[in-house]
Amino acid sequence: GITGAGVLHQAVQQGLRAVLVEAKDFAYGTSSRSTKLVHGGLRYLRQAQFKVTHESLRERERLMREAPGLVNDLGFSLASFPGDSVSPWKYGLGLAIYDVMAGKWQHQKLSRAEMLELHPELRGSEVRSGYLYHDARTDDARLVVRVLREATRAGGVALNYARVTELVRDASGQVHGVRIVDEAPGPARGRTAEIRGKVTVNATGVWADELRTQAGAPPRMRKIRGSHITFRYDRLPVPGALSLLHPGDGRSVFVVPWEGVTIFGTTDKDHAPALSEEPRITDEEVDYLIACVQRAFPALALTHADIIGSWAGVRPVINTGKADPSKESREHAIWNENGLLTVAGGKLTTFALMARDTLHAVAPVLGKLGPRTRVFEEPSEPAWPAALDDDTRLRVLGRYGRDASALATHDASLWGAIGDSVATWAELVHAARHEAIVHLDDLLLRRVRLGFLLPRGGLDHVDRIRELVQPELGWDDARWASEQAAYTQMWTQAYGGR
């Protein structure tokens, strides 16, 4: 995920030799299933988590400066309804602190009339006032891939479908590396290898305890599921993001316009199923989110039938035993346990900071860190196809960085949108050719986000997808049939609109 990618990137930027191994696909876990926000976490101020909010806002500003087109400013409206557990004046105070921490004053109070003018989709609701403020949004999985691409260009190694089977330890129990097995289909499947190093970093998110217990450490992670539903943008047209409190439990939920769809979420539930199972939204969570949708947007008459997709991610939160999972801290922690260095907790927004803290923790072994460098290289503008509009150019440059030059060479016929999404056929071909695709879900869920953006996960376009990418992937017809069947089952069970 993003934490491991950040550690690899920071390590090679410091001149270290480093390898990253991922049990499944890059960004397979939480880092492709977020709310797509790069934000300070306004709700964390309510819980007095000032440190994580301040760090997140600082990192948000850095990422927006360094990666336009990938991390972009997003206008947010905070809507106040009768019966909310937070008074409007408290919102104002929180946003003032938020802006001071960010170093720029951006919020303003809105009356009911001003809220309805800005968000006509709220007409018919009991919204009484609001505030306008700013955060940022991203494509979370593409963020991971861009960090990894820049890390590998700088000399790092990143392998997906290379599962760690056990830690390599000496007679005293100190960790000195890992044993891995190749789990990609093909003649090398099942091949094993051993990797030794001066430092072994466990950046596996919610899976962290699986390695920590091998090192003799007690479990510390709490599995908390966050689930989302998506609507076609024309059914829930929000000009900017909205934050509101759920009428049932007072939790903050977000309405986020993203890549041509509208996201609604998230939940906070302790996650009981095994981590080996694909996480999925429950019927109870769907009902919980729909209840909030219908209160906020009564004039739109949205129902379960309008949901075009869903997803669930399991957050890597450090367990402090709080009764309410929403009140667990989002701060990160670093533990050195018998030579296994674990970095856990934290947020997508603070990945680069977490990576530097991780390397600081092993400075006695690897050497003192040099000055912090840019997170992202500054790409040069390629020679774009003439018909490409400015929004697409910025989007592609942000997501692909220096790799945008290779994308720009694709024939103009491939730059059309795939269905109603913002994704293009050129991106699909590029990913199949260059981005370590092992399974069809790698391509359609994490490289080109059709599984999140289109009804039926893009399967309505599967014939054209196959025509373009099967030759690039080198799959015979039997392999394609198997991959398509597996993707269809996965999307239906874990990403479909229940």
Side-chain angles (χ1 to χ4, degrees), residues 1 22-34 36 139-142 144-145 160-163 182-186 189 227-230 232 258-261 263 273-281 307-314 417-498:
E22 160 63 48
K24 287 185 177 288
D25 185 35
F26 305 125
Y28 166 81
T30 316
S31 295
S32 62
R33 306 166 195 249
S34 75
K36 319 308 180 197
D139 181 332
D140 48 4
R142 291 303 322 178
V144 174
V145 173
N160 56 353
Y161 294 95
R163 179 181 296 277
D182 187 341
E183 295 200 338
R189 187 184 183 99
S227 298
H228 307 76
I229 54 178
T230 54
R232 290 171 57 103
W258 181 73
E259 302 283 282
V261 298
I263 299 167
L275 292 175
S276 57
E277 298 178 21
E278 193 81 20
R280 64 194 68 177
I281 196 169
I307 300 171
I308 64 168
S310 67
W311 72 85
V314 185
I418 305 174
D420 293 330
S421 77
V422 297
T424 66
W425 299 104
E427 293 172 80
L428 204 68
V429 173
H430 174 86
R433 187 177 297 169
H434 297 293
E435 294 187 339
I437 303 301
V438 175
H439 292 293
L440 190 57
D441 61 288
D442 303 337
L443 179 65
L444 301 184
L445 289 174
R446 289 173 289 279
R447 303 300 188 277
V448 184
R449 315 301 299 276
L450 301 185
F452 289 78
L453 302 177
L454 292 176
R456 294 203 340 114
L459 287 167
D460 293 335
H461 304 275
V462 72
D463 291 340
R464 176 63 171 156
I465 293 170
R466 177 178 183 175
E467 176 188 347
L468 290 174
V469 306
Q470 185 177 355
E472 299 288 348
L473 296 169
W475 294 348
D476 61 22
D477 290 347
R479 173 73 184 277
W480 181 272
S482 173
E483 291 287 344
Q484 182 176 327
Y487 173 73
T488 302
Q489 181 180 28
M490 176 185 292
W491 190 88
T492 302
Q493 292 180 350
Y495 293 88
R498 300 173 71 86

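Heads up: numbering here begins at 1 and tracks the sequence. All heavy atoms count here, side chains included; hydrogens, waters and symmetry mates do not.
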Nearest heavy-atom neighbours spanning [X] and [Y]:
X: Gly496; Y: Ser310; result: O-OG, 2.7 Å
X: Arg189; Y: Ala184; result: CB-O, 3.3 Å
X: Ser31; Y: Val144; result: CB-CG2, 3.9 Å
X: Arg280; Y: Ala494; result: CB-CA, 3.9 Å
X: Ala431; Y: Ile437; result: O-CG1, 3.3 Å
X: Val422; Y: Gly260; result: CG1-N, 4.4 Å

Determine whether a donor-acceptor pair (N or O, by modelled atom type, separation under 3.5 Å) exists between the side chain of [X] and the backbone of [Y].
X: Thr230; Y: Ile308; value: no
X: Glu483; Y: His439; value: no
X: Asn160; Y: Ala436; value: yes
X: Glu427; Y: Val448; value: no
X: Thr488; Y: Gln484; value: yes
X: Asp140; Y: Ser34; value: yes

From [atom1] ([X]) to [atom2] ([Y]), nearest 0.5 Å:
X: Asp441; Y: Glu278; atom1: CG; atom2: CD; value: 7.5 Å
X: His461; Y: Glu467; atom1: NE2; atom2: CD; value: 14.0 Å
X: Leu450; Y: Ile418; atom1: CG; atom2: CD1; value: 4.5 Å
X: Leu453; Y: Arg232; atom1: CG; atom2: CZ; value: 12.5 Å
X: Trp480; Y: Gln470; atom1: CH2; atom2: CD; value: 6.5 Å

Flag side-chain contact, heavy atom, 4.5 Å: [X] against [Y]:
X: Ile263; Y: Phe452; answer: no
X: Arg449; Y: Ser421; answer: no
X: Phe26; Y: Glu435; answer: no
X: Arg447; Y: Arg142; answer: yes
X: Asp477; Y: Arg466; answer: yes
X: Val469; Y: Arg433; answer: no

Would you sort out whether Val438 and Asp25 count as a side chain to side chain contact (heavy atoms under 4.5 Å, CB included), showing the intermediate values?
-> CA-CA 8 Å; Val438 175; Asp25 185 35; over 6 Å; no
Trp425 and Arg464: CA distance, side-chain angles, deciding distance, side chain to side chain contact (heavy atoms under 4.5 Å, CB included) verdict = CA-CA 9 Å; Trp425 299 104; Arg464 176 63 171 156; 3.2 Å; yes
Given Leu440 and Trp491, is the side chain to side chain contact (heavy atoms under 4.5 Å, CB included) satisfied, shown in steps?
-> CA-CA 11 Å; Leu440 190 57; Trp491 190 88; over 6 Å; no
Decide if atom CZ of Arg479 counts as having more than 12 heavy atoms of other residues, nucleotides or ligands within a radius under 6.0 Å.
-> yes
If you draw a 6.0 Å radius around CG in Asp420, do more than 12 non-hydrogen atoms from other residues or ligands fall strictly inside?
-> no
With a distance cut-off below 6.0 Å to the six-membered ring centre and an angular limit of 45° from the axis, does Arg33 pair with Tyr28 as a cation-pi contact?
-> yes
Tell me, please, which residues at least two apart from Trp311 pass side-chain hydrogen bond (donor to acceptor under 3.5 Å, both in side chains).
-> His228
Residues that Ser227 engages under side-chain hydrogen bond (donor to acceptor under 3.5 Å, both in side chains), provided they are two or more places apart | Glu285
Using only heavy-atom distances, determine whether the side chains of Tyr161 and Asp442 contain a donor-acceptor pair under 3.5 Å.
-> yes
Looking at residues at least two apart in the chain, or sitting in another chain, which of them share a salt bridge (Lys or Arg N to Asp or Glu O under 4.0 Å) with Asp182?
-> Arg191
Hey, mind stepping through Leu428 and Leu444 against side chain to side chain contact (heavy atoms under 4.5 Å, CB included) and telling me if it holds?
-> CA-CA 8 Å; Leu428 204 68; Leu444 301 184; 4.0 Å; yes
